[in-house]
Amino acid sequence: MSENPYRALPSVDRLLARDDVRAAGDAAADLVRQALESAREAIAAGREAPNEDEIAEQVAGLAQVVLEPSLRRVINASGVIVHTNLGRAPLSEAAIEAMASVARGYSNLEFDLGEGERGSRYAHLEPALRQLTGAEAAIAVNNNASALLLVLSVLAEQRAEGDAPREVIISRGQAVEIGGGFRIPDVMAQSGVRLVEVGTTNRTYLRDYERAITPETAAIMRVHASNFRVVGFTEAPSLRDMGRVAHEHGLALLDDLGSGCLLETAQFGLAAEPTVAQSLAAGADVCMFSGDKLLGGPQAGIIVGKREVVERLQRHPLARALRMDKASIAGLAATLDHYLRDEALERVPVWHMISAPLDAIARRARRWRRAAGGDATVIDGRSMIGGGSLPEEGLPTKLLALPQTAGRSAQALGRRLREHDPPVVARIERDTLLLDPRTVLPGEDRIVVEALRGALGTKN
Ligand SMILES: *Cc1c(COP(=O)(O)O)cnc(C)c1O
């Protein structure tokens, strides 16, 4: 081609005259310039210049990225109930209603309706949290990582300028990384406290904590070993004993519970996850836990415990930086209300899934199998709790299994289900695509059936 390739590019006006480009709306002119710019870069790099149709197509592609919401609803058929990558806990209808209601208009977020003057945003949650856990006082912040940061920052406050940093003692086996690169020791360092690790990865004795106490020690902390379990030759003192040692030395006992379980898990054949009330009763001065793990509410970090500590947390400058927004407060309050009314098993989706009877799950799996046809089978499997709760624990479930065939890999089939609108997320084990009805919400079965038929090309 002898012609100057830059001059062969279509003009902005010419592109803007096309219907397919104008469909990009107000953004069209800007996107056309971006597309032409990348065409010029391609030419400068010695590649072939795109033609007019290709540039128009690129504009449409850019428009789609800009205009289409990136964050979307998906159907969770993975069988992991509290799936961090899929947004953790789905909310109850009442929580969704409450969030929509305060989002739609104004609210008494920081307004005392009785007095007609300024109120506190924490007042909407504290009575329910106290009632449910037996704590003296409570406050909730953005998430549990924030809760940890806030509590430790308050403990890090020096008694006088120039004092040595305050110390918090933690078992080496609990200085863990929780996921997504979130490491307990890093958060502790950020707060300004000095982390003192004691014991070994598998064994820590009460005397290890006792020996590490110095005049700088502010607290002893327990961290729930969220996503792993040390088995075999292990030793960890009970929370009650840790509390006794802490209190004998005038120290606080902190418990990062992770999940925030308010109900007994043993009734569903799971290992006993410590409940918040049990932790406080055993002697913890401050407990921290997430709002969107086993509690089944919106993202939040809940702190319950001694009034004196909670008041210091409220006054700390970080409390403002880490505060919850009004919609989450409304959703959390509505979620807590289900526990107060003793209806969490029916109303809170996470607990509805945990308590779902096996025969109901099996019925749904069989319905899915009929839609899938071919070599699909229903097999026994396990649903996972997820969210760092009850690692390795699972609930018996029934899975739809779609084995890999000569012409179809499990990966390819999984991708086709994710391309459905809304996307359906399954899991793969040993070259078999598995779908678990337990984590698919009531009313979503129709979507799964539709997605299966689309992905497998089955009709009926
Ligand atoms: C999940 C978890 C956290 C972090 O909670 P977020 O709400 O995700 O910030 C902290 N500690 C433990 C033990 C956890 O399991």
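It should be emphasised that the depicted structure is a prediction, and the values quoted were computed from it without experimental measurement. Ligands are counted one by one from 1 in listed order, and the atoms in each one are counted from 1 as well.
When the heavy-atom distances from atom 3 (C) of ligand 1 to Thr84, Asn144, Val82 are ranked, the shortest goes to Asn144.
For Gln299, the side chain to side chain donor-acceptor pair (under 3.5 Å) partners are Asn142, not counting sequence neighbours.
In the vicinity of His224, heavy-atom distances shorter than 4.0 Å reach the ligand 1 atoms 13 (C). Near Ser290, meaning under 4.0 Å from one of its heavy atoms, ligand 1 places the atoms 5 (O), 6 (P), 7 (O). The Gly258 neighbourhood of ligand 1 comprises atoms 12 (C), 13 (C), 14 (C), 15 (O), with distances under 4.0 Å to a heavy atom of that residue.
Using a 3.5 Å distance cut-off with no hydrogens or angles, the side chains of Glu346 and His352 do not pair a donor with an acceptor. Of the N and O atoms on the side chains of Asp255 and His224, not one donor lies less than 3.5 Å from an acceptor on the other residue. No side-chain N or O of Thr275 forms a donor-acceptor pair with one of Glu264 less than 3.5 Å apart.
Contacts between Lys293 and ligand 1, counted as non-hydrogen atom pairs separated by less than 4.0 Å, involve the side chain only.
When each of Leu402, Leu413, Val424 is tested with Leu452 by the rule side chain to side chain contact (heavy atoms under 4.5 Å, CB included), just one qualifies, namely Leu402.
Inclusion of Asp292 in the set of residues having an N or O under 3.5 Å from an N or O of ligand 1 is not warranted. Ligand 1 has no N or O atom lying under 3.5 Å from any N or O atom of Leu148, backbone or side chain.
In this structure, Arg88 counts as a contact residue of ligand 1, since one of its heavy atoms falls inside 4.0 Å of the ligand.
Here Arg130 does not pair with Glu126 in a salt bridge; the nearest charged N to carboxylate O distance is not below 4.0 Å.
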